[in-house]
Structures are given as structure tokens and as C-alpha cells.
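Here's the structure, in C-alpha cells; my notes come after.
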Protein chains: 2
Amino acid sequence: MLRAKLLFLAAGLAFASTARAEDGYRLWLRYDLIPDESLRQSYAAALSEIALPDSAANGGGIGATTLTAVRDELVTALRGLLGVDVPVVTTATRDGALLIGTPRRAPDLLALLTEADLRAAGEEGYILRRVAVGRQHRVLLVANRDIGLLYGAFGLLRFLATHQPLEQLDVVTAPRIERRMLDHWDNLNRFVERGYAGQSIWEWFVLPDVVSPRYRDYARACASIGLNGAVLNNVNADAQILTTPYLQKVAAIARVLRPYGVRVFLSARFSAPLEIGGLQTADPADPAVIQWWNDKAAEIYRVIPDFAGFLVKANSEGQPGPQNYRRTHADGANLLADAVALHGGIVIWRAFVYESSGGDRAQQAYAEFVPLDGKFRANVLVQVKNGPIDFMPREPFHPLFGAMPRTPLALELQITQEYFGQGTQLAFLAPMWKEVLDADTFRPAAGAVVARIVDGTAGLQRVSAIAGVANIGTDRNWTGHPLAQANWYAFGRLAWDHTLTAAQIADEWTRQTFSNDPRVVQSLASMLLASREAVVDYSMPLGLHHIMATGHHYGPGPWVDDLRADWNPVSYHRADAGGIGFDRTATGSNALAQYAPEVAQRWGDRATCPEEFLLWFHHVPWGHRMPSGKSLWEEICLHYQCGVDAVRGWQKTWDSLQGLIDAERFAHVQGLLRRQERDARDWRDACTQYFATFSKMPLPAGVEPPEHPLAFYKAAQLLYPPGWSPPK
Amino acid sequence: MLRAKLLFLAAGLAFASTARAEDGYRLWLRYDLIPDESLRQSYAAALSEIALPDSAANGGGIGATTLTAVRDELVTALRGLLGVDVPVVTTATRDGALLIGTPRRAPDLLALLTEADLRAAGEEGYILRRVAVGRQHRVLLVANRDIGLLYGAFGLLRFLATHQPLEQLDVVTAPRIERRMLDHWDNLNRFVERGYAGQSIWEWFVLPDVVSPRYRDYARACASIGLNGAVLNNVNADAQILTTPYLQKVAAIARVLRPYGVRVFLSARFSAPLEIGGLQTADPADPAVIQWWNDKAAEIYRVIPDFAGFLVKANSEGQPGPQNYRRTHADGANLLADAVALHGGIVIWRAFVYESSGGDRAQQAYAEFVPLDGKFRANVLVQVKNGPIDFMPREPFHPLFGAMPRTPLALELQITQEYFGQGTQLAFLAPMWKEVLDADTFRPAAGAVVARIVDGTAGLQRVSAIAGVANIGTDRNWTGHPLAQANWYAFGRLAWDHTLTAAQIADEWTRQTFSNDPRVVQSLASMLLASREAVVDYSMPLGLHHIMATGHHYGPGPWVDDLRADWNPVSYHRADAGGIGFDRTATGSNALAQYAPEVAQRWGDRATCPEEFLLWFHHVPWGHRMPSGKSLWEEICLHYQCGVDAVRGWQKTWDSLQGLIDAERFAHVQGLLRRQERDARDWRDACTQYFATFSKMPLPAGVEPPEHPLAFYKAAQLLYPPGWSPPK
């Protein structure tokens with residue numbers, strides 16, 4: 001059966017010389033030898049050779065193409081997983097050949113599948129199937145375009161790395177959302193805003209002369225989970241990125257990402273015509289401004305022919321925008337959209353806007369954008385965060401979803417854990433993202449969940465997009481916290497298929513990234529799945545939000561009251577002698593009116609409002625009886641304690657995995673959990689004592705007494721947290 | 001002969017799964033298999049087992065000790081280099097045993113060497129010798145203390161990795177300087193001042209919970225070249241480092257470094273008693289201040305029992321110091337020295353002081369410090385930069401050397417290439433350091449070279465030290481530029497033995513870090529050795545200095561005249577219609593008078609002043625005839641051209657090594673050389689055109705015409721260079 005011979009290598013050839021520990025660099029693409037020999041042999045028998053059309057089989061010749069990427073990934077991965085060098089051929093000859101091709105490149109494959117398969121695979125999807133051919137078997141990997149073959153190759157490798165039975169291999173899949181993007185909040189000086197994993201991976205200073213090998217590994221990781229777009233620079237943008245020297249640097253990155261299907265976007269600063277164009281205005285109605293953007297777009301496409309488009313943060317948190325010239329967001333977006341339309345580009349315009357004067361911040365994006373529905377060009381998307389405030393541990397879905405039926409809405413999620421303990425705490429975010437994707441907007445009718453608004457199936461959408469604010473940097477393991485890799489992974493998987501469950505994703509990530517040992521899979525996946533709720537519990541339970549410390553957003557700061565009103569935690573929890581919570585019903589800000597009546601009605605009634613949103617929408621008396629029979633005060637305190645207890649549980653669980661996890665990552669996570677437990681206690685002790693100054697109630701039974709008095713936590717200053725610079 | 005069996009490992013065990021390229025992380029400690037089989041076998045035969053005393057042989061038990069570090073390094077390295085698992089035993093039984101021990105641990109070894117050997121090895125040195133014992137041979141590794149065994153183990157491995165004949169192994173060596181230190185200019189927010197290789201490797205935020213495995217590799221690298229001290233934080237110090245929470249973090253690092261003999265220093269902010277002590281003054285005569293430092297020292301030694309001491313930058317570039325209270329540098333240094341003396345600590349007080357009001361900056365340190373000679377406590381060293389300005393590409397030695405006979409002077413070198421193209425350009429600094437170490441101060445008499453002032457042999461020195469400002473960071477390869485690793489290496493080697501030549505160091509570094517292939521050794525070593533002079537040529541030839549661009553110090557800025565006087569390039573080159581250069585003779589600032597008469601006489605006469613210092617000490621007419629017969633103007637221009645030509649030569653040399661250098665580092669250096677060539681042209685074109693506005697002379701034959709007019713270079717703004725933040 002096993003024709004390819006098992007490779008033996010003398011020690012000392014690069015690896016054994018200084019044993020390299022598992023440092024996480026390889027992410028979920030580890031491709032270590034499958035320990036179960038019979039499984040390994042069955043895989044090897046079922047994948048006896050790689051049949052690739054024409055030039056890709058023997059190297060292609062002219063630089064890296066998508067097909068050479070397919071070949072290289074499969075050869076490397078199978079060598080690692082199976083311990084054999086699977087031969088690459090142009091024509092299959094063996095039982096167990098892996099047949100790879102598009103209908104155009106390999107028309108003979110059409111006989112082995114149906115037109116319906118190909119239609120289902122669409123532009124980017126693939127078909128992966130084991131078929132009988134006479135007395136032999138083949139594995140088919142077919143797609144309509146080369147990029148589908150690459151996604152399919154990664155799909156096959158995921159199948160193997162998670163130890164699934166090849167006999168059952170029968171997948172036809174296509175992404176549900178067209179643009180699946182990472183937004184890098186990376187400055188040109190390599191500082192990553194809200195980045196907790198080192199510096200920006202983009203080495204601007206030495207580009208284009210030096211092209212880091214890391215760019216390719218980034219592209220591999222993105223492609224392996226189906227991501228196809230990257231915004232290279234911060235939405236708080238620097239116009240320099242659009243100058244000719246920087247475009248040369250961008251082009252060098254784009255060349256590396258291109259074979260992996262990752263197209264480059266840039267964040268555009270709206271005032272760039274003033275800053276680098278020598279103009280006196282950036283008014284979108286000014287002919288010189290229009291000309292400048294048209295020329296700039298043409299210049300960009302000359303050096304980056306597949307440039308994807310612009311992302312814009314305008315008139316938000318101090319950024320310039322069309323309102324500086326009494327124009328609307330639509331005027332601004334359309335200016336840029338027209339400039340790139342000719343070249344096939346799109347514009348993604350962020351809806352994250354609020355002003356300090358503006359009442360309930362949760363209402364402002366809706367108020368500003370709904371009147372613009374229908375006024376955007378066809379190649380504009382409006383990008384909306386999952387919730388109406390700002391990536392809080394829990395928010396209800398953003399009321400804009402469903403409220404702009406004539407405008408494609410992109411969903412913006414935050415992979416980087418700004419409000420989730422940053423690079424230091426475990427918080428697997430897939431459950432939160434699923435919560436939002438599955439939320440029913442009731443617009444236009446029941447069943448119009450956020451996911452269907454975003455993927456366009458609930459409307460007549462022309463283009464669809466989902467973006468995640470990246471959590472990666474130059475840290476060796478990319479994400480700082482070894483387990484934060486799971487969030488990058490989960491984002492990509494959900495962007496491809498939002499019907500996957502968080503549990504499926506946790507399971508497959510754990511198997512690929514750590515081990516298929518059932519003890520590891522079960523323990524680690526359960527930690528992952530519980531983690532987001534635990535952070536909610538120990539930081540902002542029951543709908544509390546925006547009560548973090550100032551600036552860096554790490555740790556508790558519910559007492560802060562000296563910032564502008566819409567940044568003050570006290571404006572959000574509104575604790576007083578009478579109770580706690582933000583009344584967003586008709587008796588309060590009435591933000592609820594921005595939702596469909598079905599939603600507003602349910603959430604507007606304290607009796608039917610889900611507990612997890614209670615204090616988001618209602619100001620509730622401390623003594624209010626909760627469904628549990630306990631008072632609100634008791635429930636708040638018990639949630640905080642519950643969060644702490646959860647972290648302690650993970651510590652025990654993790655310790656039980658010693659020996660089943662490689663030593664370096666084991667020790668790293670162990671240390672971080674130690675810190676997380678202390679941080680969770682700090683949240684609990686700070687918040688419960690602070691809220692007790694209003695409730696005047698004692699801690700309920702089951703809640704540990706605080707370690708320090710409230711004054712200690714108020715005085716504590718967190719020094720030098722990563723990802724944040726104090727204002728200049 | 002070969003009793004230990006050759007190891008074979010199945011592919012897929014960690015390494016083959018995804019082939020890992022050589023990324024430079026292992027530095028010069030690569031330990032790859034020696035390709036020459038007969039050499040490998042002869043080594044294996046001569047090192048058949050490792051005989052280590054008692055507990056270290058089988059793991060030791062209680063945590064990492066120096067002896068377990070010896071064992072682990074040897075086992076790992078020999079497995080890599082020789083491809084065999086050399087057994088570790090407590091009692092030697094075989095021909096070719098490596099006998100390791102101190103006289104105390106293994107008194108039987110005394111029979112194999114002499115008392116003179118042991119005396120010569122001193123506290124930290126070692127004896128490494130192949131001896132005949134009856135009909136067999138042994139390799140001896142003996143030292144007076146365990147740390148000497150570790151240094152000796154690295155010495156043996158260097159011997160093997162550079163393919164030297166073991167028959168000739170006979171080394172007795174001891175460091176000539178007691179404290180061999182790296183100064184990290186690392187801020188607590190992980191920004192490295194003048195750092196060009198990523199962030200600080202010290203992960204303050206998650207310490208002490210998370211202890212990065214990188215700390216141990218740092219310690220290994222330091223120990224491998226004999227470094228025994230590390231100042232963890234920037235001399236522009238933050239008092240927070242001395243608070244209890246930070247000392248816990250420091251202690252966690254110290255625990256990792258301890259077995260490797262690297263003792264921790266901290267930079268102390270002189271005003272710490274105000275900032276973290278709650279006092280109203282930091283006056284060194286104030287009893288509360290004295291008490292505060294005494295208490296702080298006691299606290300430090302409780303958690304770091306082998307704490308080495310403080311480094312202080314005071315009353316320099318805005319840092320607080322004793323002069324704020326009308327006290328002297330000696331008063332300040334003695335305050336801290338008394339606090340640590342009880343615990344065996346030392347204080348290193350920097351002499352890098354100058355004021356904007358003060359005339360020729362080159363004279364100020366001398367003027368301020370010479371009167372204090374004899375007034376410092378016995379445990380104080382004054383740390384002096386190699387030259388009197390600031391790490392320029394070329395400076396004469398600092399006049400303080402030899403001028404403070406009653407004060408130990410530490411030499412401060414800059415490994416990080418602030419004025420040498422930073423992380424982007426090749427500049428091997430050993431030739432420059434040798435130039436300074438070998439410079440004769442004539443104080444007290446001829447032969448009192450700087451090296452002998454520093455190592456104490458020219459005087460009655462109580463303690464000696466040499467410090468290098470580190471060039472490392474979180475970049476995977478530690479130093480950004482792959483070849484900048486050579487500067488870290490060279491600093492350590494010279495700190496151990498300043499009689500080594502730059503050529504020896506370049507040779508052994510190249511062999512260990514790249515290849516023993518003679519083509520690589522010869523080509524790369526010749527590039528290294530030429531590089532410093534080439535940078536001088538294309539940036540600041542013939543004694544020119546301080547004509548770099550403002551702030552970031554990358555690239556040319558000879559025209560800059562709008563800063564405070566002692567920061568303006570025009571104050572240093574003093575070009576005018578009459579000529580160029582800084583007159584530091586009696587007709588000028590008379591800085592020459594600070595040197596011994598023999599030196600002052602030679603340098604003070606234009607006819608005997610070495611060409612390379614000409615414009616440092618003299619204002620010389622443009623038409624002045626140089627020894628070459630050419631005019632000064634022509635020589636200046638030709639030096640600039642010569643520097644450019646040198647870089648182009650390296651590009652050709654490097655390209656010729658393709659295939660002999662691993663692909664990743666090959667491409668990286670190739671890209672950086674491309675950039676360096678352009679940078680060198682920018683220096684040439686900017687400086688020659690600017691100086692031509694004074695000389696009014698045309699470019700001589702052999703100098704290429706400039707690419708852009710002068711106005712272009714004056715207007716050019718360098719964006720976001722690493723290692724520098726614009727002032728807040």
C-alpha cells in the first residue's frame with residue numbers, strides 16, 4: 001500500500017541541533033506527524049499522489065502562483081502529517097490519487113461531478129470528495145477558480161489534521177460572504193492601536209527592499225481559513241500611505257499576498273488631498289479634489305492591479321470627513337467610490353460615529369446613517385460594528401442592521417481583545433459573534449438575522465463584507481496569548497460560513513493547534529467556549545457596559561466621571577440609590593425605538609428582556625427580584641464571583657493537561673491564567689465595592705470578601721499596558 | 001571508535017512538518033551538523049563522554065544551576081554538531097572523556113594541571129586542554145568556579161564550531177575586565193531608545209506571571225561570549241522600575257539569568273525619592289533621602305540577592321541629578337554607592353554630560369569630572385564613552401581616559417548602530433572599538449592604552465568594567481540586520497579579551513553563524529572588516545562628525561542650523577569659504593589641551609595629525625594639499641564616493657555567495673544592501689553638494705554626479721524610522 005517510502009533523516013540537519021520548542025508560530029498549520037500509525041497509513045493510502053494540471057506540477061516557472069501555493073502546501077503538509085513524500089504528477093496513475101483542477105484546466109474531472117456541484121462552489125468555493133473510479137478510489141479537489149483549489153487544499157488538510165475519516169469526505173462549500181477581511185489598526189511607525197502582540201508585522205521602513213518571509217506565512221494563515229482581504233493600515237489613517245514611496249511598499253506586500261487570494265485595502269484619510277496633495281480643501285464637491293482622488297486611484301491601480309479599495313473612518317473621534325465641508329457621509333463615500341469604480345474597487349465607509357454633545361451614544365450612528373440609505377454608490381458598503389456602543393463584552397445587535405435595506409452593510413467585529421483582557425486574558429469570541437450573527441432583526445420580517453443582512457440573503461445586496469479588527473503582531477506566536485489564535489481562526493471560519501457553531505470551531509481549532517487527544521480537545525474546547533461569558537461575568541455582567549478604566553481599557557473603572565460625558569463609565573451604568581442601569585426605553589433615551597417593534601417590545605419590558613441585556617436597557621432597583629429569586633444586587637455580585645470561579649476552574653483544567661501540551665505553550669498559558677485570575681478578582685472587588693456605595697447592601701453569601709478596600713482600586717494605576725499610548 | 005550511536009529520527013517529529021528556515025534566532029549558537037564526516041568523527045572520538053561531577057550529571061534536581069546549564073548546552077550542542085548523543089557520566093571510563101570540574105568538586109583533576117593554570121584562570125576563567133592519560137586521551141575543562149566551566153563549555157563549542165583541530169586544544173583564559181555588561185536602553189513600555197530590532201525583550205506587563213523562554217536564550221548568548229552583567233532599563237530612567245511590583249518582575253528575570261552568570265543592574269533615576277518615595281527632595285545630603293536609598297537597596301537585595309548595582313545618568317540631557325541640589329556628581333554617586341556597598345553592589349555613574357551654554361561640547365565631561373578624581377567611593381566607576389562627543393562613526397579617544405588615575409573608568413561603547421545606519425546598514429564595529437582600546441593615552445606614560453586604563457593594569461584599579469549599549473530586541477533574529485549580530489558577539493569577545501583582533505573575531509563569528517566554507521568565511525569576513533570605514537567614508541570622512549539629520553540620526557543633515565548650538569551640525573563641521581573643520585587647537589577651542597602632551601602635540605600639528613582626525617581638530621582650507629597630492633576638497637569628495645563603491649562591492653560579493661548562505665538570510669541581507677547603497681549615495685550627494693556651496697569647487701573626476709539637487713535632500717523627510725519617537 002504505502003509506496004512512498006518513509007523518510008528518515010539524520011539528526012542534526014537543522015532541527016536536532018538546537019531543539020526548537022513549539023512556539024506557536026505555525027498557528028493551526030502545524031502538520032506534525034499523526035501519531036496513530038493506522039490512521040496515518042490509511043490517509044497515505046488514500047492520498048498516494050498529487051495530480052496537478054500542467055505547469056504547477058513541476059514548479060510553474062514564473063514566480064509564485066496560486067497553483068504553486070497549492071502544491072507547496074500539500075507537499076509540505078503531507079510530508080509532515082503522514083511522514084511521506086507524496087509525489088506530484090500531471091496525470092494520475094495510482095489508486096488514491098488526489099485529482100486537483102478547475103474545469104478549464106482539467107476538463108476530464110467534469111465527468112466525476114455535477115454541474116450543480118460547480119454552481120454550488122461558486123467563484124471561491126470547492127468540491128472535495130472521495131470517489132470510486134472502477135476498482136480504485138480518487139480524491140477530487142475541484143473548483144471553478146484556482147483560489148478555490150487553494151481553499152480546498154486547506155480544507156483537505158484540516159480534514160486530515162482533525163483526524164476525520166476520509167471515507168466520509170464529501171464537501172461542497174462556498175463562502176457566504178464575498179469580502180472576508182482583516183482590518184489592521186497598524187500605524188506606519190509599526191505601533192498597533194489596540195494591538196497586544198508586539199509591533200505591526202508590516203516593516204514599512206525597509207520595504208520594498210526587504211520583504212519579510214512572514215508576509216507569506218500571514219497569507220497562508222489567512223487563506224487557510226478563507227480570508228481574502230486585508231486593510232494594511234489603521235482606520236485612524238495617515239495620508240502618507242497614499243504617497244508614491246509608500247505605494248511601492250504596499251505593492252511589495254500585495255505581490256506576496258496575491259497568490260493566496262488576499263487583496264489589499266488601504267485606510268484612506270479623507271483630508272489626504274490637503275496633506276499630501278497640496279490642495280487647499282478636501283471638499284468632495286471640489287473638482288480639484290475629485291480629480292486628485294481619480295488620479296490617486298489610477299496611480300494605485302498601476303502598481304497594484306488588484307487593489308481592493310478603501311476603508312474610511314470619517315467624522316469620527318476627530319478624524320476629518322465630508323462633514324467638515326457640510327457634506328454628508330454619502331457625499332464623501334461616493335467621491336472615493338467613483339475614483340475606484342472604474343478599476344473594480346470598492347469603498348467601505350464606517351458607521352462608527354458619535355459626538356460628545358449627542359445624548360445616548362448608542363443612537364447616533366442610526367440617526368446619522370438611516371437617512372442616507374439609498375444615497376450611496378453601488379460599490380460602497382457601510383461598515384457597522386456588532387453593537388451600538390463599541391465592542392463591549394456584550395452588546396445587543398446594532399440597530400442599523402435591517403434599517404438600511406438599500407445599502408449593503410458590512411459587519412465589523414473586533415478580533416483583538418480591547419475589552420476582553422487584551423493580550424493577557426483568555427476570551428474566545430466565537431460565541432459572541434454567533435450571538436450577533438444569529439440575532440433576529442425582524443427587518444423586513446422574522447428570520448432576518450444579522451447574518452442574513454450581512455450576507456445579503458435577506459435583501460438584494462450587491463456586495464457583502466465582514467471585517468475583523470486583527471489581533472496579530474510581531475510576537476512570535478502572532479497573537480500574544482497563545483489561545484488568542486483561536487479568535488483569528490474563528491473569525492475566518494465564520495466569515496466563510498456563519499452557520500458553523502462555536503463548538504465546531506473550538507473543536508477543530510484545538511485539534512489542529514494543540515492535539516487530537518480527547519482529553520485535550522474536551523478540556524481546552526470547554527475552556528474556550530466558557531471564556532467569553534466568564535469575562536462578561538467578572539467585568540460587565542447583566543448588560544453593564546463601558547465601565548472599564550480610561551484610555552487603555554484594561555481593568556475596572558466604574559467610578560470614572562471626569563471625561564467627556566459619553567466616555568464616562570458613570571454615564572453608562574448610572575448607578576444611584578434607586579438602582580443601576582441605562583434606561584433606553586421610552587422613559588429614558590428611547591434608543592429601543594430604533595429596533596423593529598418585535599425587538600423593542602421584548603427588550604423594552606423588564607419582564608421579557610433577556611437577563612443579559614437587562615441593565616443595557618433598564619434602570620433597575622437594587623432589590624428587584626430576578627428570575628432566580630435573588631435580588632438584582634445579589635445577582636450582580638454572584639456574577640462577578642462566578643467569573644472568578646470560572647477562571648480558577650480553567651487553571652485546574654489546564655494544569656491537568658500538563659504533559660499533553662508542549663512545555664512552552666503550557667507554561668505560557670499557565671502564567672497568563674494566573675494573571676487572569678488576579679485580574680478577575682480585581683474586577684470583582686473593585687466593582688462590587690463601588691456599586692455597594694449605592695446599594696448600601698452587604699455582599700451576599702458565596703462572594704469572597706475583597707482583598708483591598710475600594711480606595712486601593714481607585715488609586716491603582718496600570719502602567720504601560722501594550723497597545724495604547726497616552727495622548728500626546 | 002564511535003560508541004554513541006548515530007541518531008536517526010523519523011521525519012515529521014516537530015521539524016520536517018513545516019520546514020523551518022534559518023531565521024537567525026540561534027545567533028552564533030547554531031550547532032548544525034558538521035558536514036565533513038572525518039572531522040565529525042574525529043571530534044566524536046575525542047569527546048566520547050561528558051564526565052560531570054555529582055548531581056549535575058543526572059539533572060541536579062533543584063532547578064537550573066550553572067552546572068546543569070553546562071550539561072544541557074554540551075549535550076544539545078554535541079548532538080547537533082556531531083550527530084551523536086554523547087553520554088553524561090559521573091566518572092570517566094572511556095578514551096576521549098571530557099572531564100569537567102572545579103578543584104573543589106573534582107579534586108582529582110588537580111593532578112592533570114598546575115597551580116599556575118588555576119591562578120591564570122582566576123575567578124571566571126577556565127582551562128581547556130587535551131591531555132594524554134596513559135594510552136588514552138582526555139579533554140580537560142577545569143575552572144575555579146562553576147561559571148568558569150560554563151564559559152569553558154562555550155569555549156570548547158566555539159573550538160568545534162569553527163573546525164579547529166582538537167589536538168591543539170590548550171587554552172588558559174580569563175577575562176581582563178571584571179564587569180562585562182550590556183546596557184539596555186529599554187523603556188518600561190517596551191520602546192527601545194535607539195533600538196532598531198523591535199521592542200524590548202523584557203515583557204514587563206505580564207511579568208512575573210509569564211517568564212518568556214527568550215530570557216534564557218538571551219542569557220545563553222551572553223554567557224557564550226563571556227558577558228556577565230545586564231542593565232535592564234534605559235539610562236533615561238523611569239523611577240517605577242524601583243517600585244515593589246517592578247522589583248518582583250526584575251527578580252523573575254534575574255532568576256533566569258543567574259545560572260548563566262549574568263547579574264542584573266538597574267538604571268536608577270536620581271529623583272526617585274520624589275517620584276515614588278513621597279519625599280520632597282532628592283538632595284543627596286538629606287537624611288531622609290539617604291535613608292530612602294538605603295531602604296530601597298535593602299529591599300532590592302531581599303528579592304535579588306546578587307543584584308549588581310545601579311547605573312546612573314544624572315544632570316545630562318535633562319535628567320535630574322545632584323547638581324539640582326548644588327551637589328557634585330561625586331556626592332550623588334556616593335549616596336547610591338553607600339546604599340549598595342553593604343550588599344556588595346557597585347554604582348556606575350555616567351560621564352556623558354554637556355550643556356547648551358558650554359562652548360565645545362567635547363571638553364565638558366573632562367572639565368566636570370577631572371576635579372572629582374579621588375572623591376568617589378571605592379565601589380563607584382565613572383563610565384566614559386569611547387569619544388568625547390557621542391558615538392560618532394569616528395572619534396578620537398575620550399580625554400578622560402588617563403586623566404582620572406584615582407577613579408576606575410568604565411568604557412561605554414554603543415553596539416546599537418545609532419550613527420551607523422541603525423538596523424538597516426552593515427557596519428561591523430570591532431575595528432572601531434579596537435582603535436579606541438589600542439589608543440595610547442600617554443598617561444601616566446607611553447603604553448597606557450585605553451584598554452589598560454579600563455582593565456586597570458595601567459593603574460591601581462579596584463574594579464573594572466566595560467559596557468555596550470545593546471542592539472537587540474524582539475525581532476526574530478534579535479538584531480534586525482542579520483549581520484548586526486556580529487557586533488553583539490564582538491563586544492562580548494573584546495570585553496573578555498581586548499587583545500583579540502577584529503579579524504579573528506570576524507572569522508570566528510562568520511564560521512559559527514554562517515559557514516566554515518572558505519568562500520563564505522573569506523568573503524563575509526572581508527565585508528565585515530571593511531564596513532565601518534566605508535560608513536565613515538560615505539557619511540563623515542576625515543574627522544567630520546555630528547552632521548547627521550536631526551532627531552532620528554539617520555541620514556545626512558549637514559545644513560541643520562536651527563537647533564540649540566551644540567546640536568547643530570553646522571557647529572561641528574564649521575564649513576565656510578575658508579575651509580572646513582573644527583579648530584580644537586590653541587587657536588580654537590583648545591580641547592586638545594585635555595590630552596597628554598604627546599598626543600596633543602601630534603594631533604595639534606596639521607602635518608602630523610592623522611588624516612582621519614584632521615577635521616576633528618583643524619579648520620583646513622579647501623585647497624589644502626593632502627598627502628595624496630589631492631586637495632582637501634577632492635579628498636572629501638573621493639571619500640564619499642569610495643564609501644558608495646565599497647557598498648556596491650559588497651553587493652557583488654554577497655550575490656556571489658548565493659547557495660552558500662541559507663535562503664532567508666541571503667535574501668534579507670541582499671535587500672538591506674540594496675537599501676544601504678541608496679543611503680550611501682544620499683549621503684554622498686547631499687554632503688558634497690552642500691559643502692560645494694562653500695568650496696565653490698566642482699566634483700573631482702571619479703565622483704558620480706548627484707541624483708537630485710541639494711534642495712531635494714534638504715526637503716526630504718525620513719518617516720517613521722525605528723528607534724526614535726518625535727518629542728511629545
Side-chain angles (χ1 to χ4, degrees), chain A residues 6-23 25-26 29-34 76-77 79-84 187-190 198-199 204-206 209-214 240 246 423-424 474-476 664 667-668 671-672 674-675 678 719-722 725 728, chain B residues 6-23 26 29-34 76-77 79-85 187-190 198-199 204-206 209-214 240 246 423-424 474-476 664 667-668 671-672 674-675 678 719-722 725 728:
Chain A
L6 204 59
L7 290 177
F8 283 96
L9 292 167
L13 293 174
F15 128 79
S17 48
T18 43
R20 297 199 191 186
E22 176 57 69
D23 57 20
Y25 180 79
R26 297 179 298 166
L29 304 174
R30 294 171 74 220
Y31 305 146
D32 282 348
L33 193 71
I34 294 172
T76 305
R79 181 186 296 148
L81 290 164
L82 310 182
V84 295
N187 292 347
L188 302 187
N189 65 0
R190 299 189 70 190
Q199 295 180 294
W204 294 115
F205 190 72
V206 291
D209 292 309
V210 175
V211 179
S212 166
R214 192 157 192 160
Q240 289 293 333
Y246 271 90
T424 305
T474 53
D475 274 8
R476 181 63 183 165
E664 185 169 324
H668 193 178
L672 288 168
R674 201 178 306 132
R675 169 67 172 264
R678 195 166 67 248
L719 291 168
Y720 311 119
S725 308
K728 303 257 159 63
Chain B
L6 204 59
L7 291 178
F8 283 96
L9 293 166
L13 293 175
F15 126 80
S17 48
T18 44
R20 298 199 190 188
E22 176 58 70
D23 57 20
R26 297 179 298 167
L29 303 175
R30 294 171 73 220
Y31 305 146
D32 282 348
L33 193 72
I34 293 171
T76 304
R79 182 186 296 150
L81 290 163
L82 310 182
V84 295
D85 263 340
N187 292 346
L188 302 187
N189 65 0
R190 301 190 67 191
Q199 295 180 295
W204 294 116
F205 189 73
V206 291
D209 292 307
V210 175
V211 179
S212 166
R214 193 160 192 158
Q240 289 294 332
Y246 271 90
T424 305
T474 53
D475 274 7
R476 181 64 184 166
E664 183 168 326
H668 193 179
L672 288 167
R674 200 178 307 133
R675 170 67 174 263
R678 196 167 67 247
L719 291 169
Y720 312 120
S725 306
K728 303 258 161 64

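Convention: sequence-line order gives letters A, B, ...; per-chain numbering from 1. In what follows, every heavy atom counts, from backbone to side chain, and hydrogens, waters and symmetry copies are set aside.
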>> Within this structure, what is the CG-CH2 distance for the pair B:Leu719 and A:Trp204, rounded to the nearest 0.5 Å?
In response: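 CH2 of A:Trp204 is found 12.5 Å from CG of B:Leu719.
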> Of the non-hydrogen atoms in B:Tyr720 and A:Phe205, which two are nearest, and what is the gap between them?
Replying inline: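 Reported closest heavy-atom pair: O-CD1, 3.9 Å.
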>> According to salt bridge (Lys or Arg N to Asp or Glu O under 4.0 Å), who are the partners of B:Arg675, at least two apart in sequence or on a separate chain?
In response: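 Per chain and number, B:Arg675 pairs via salt bridge (Lys or Arg N to Asp or Glu O under 4.0 Å) with B:Asp679.
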> What residues form a side-chain hydrogen bond (donor to acceptor under 3.5 Å, both in side chains) with A:Arg678, not counting sequence neighbours?
Replying inline: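 Partners of A:Arg678 by the side-chain hydrogen bond (donor to acceptor under 3.5 Å, both in side chains) criterion, ordered by chain and then number, come out as B:Asp209.
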Could you look at [X] and say if it's the side chain, the backbone, both or neither that has a heavy atom under 4.5 Å from chain B?
X	result
A:Tyr25	neither
A:Pro721	both
A:Gln199	both

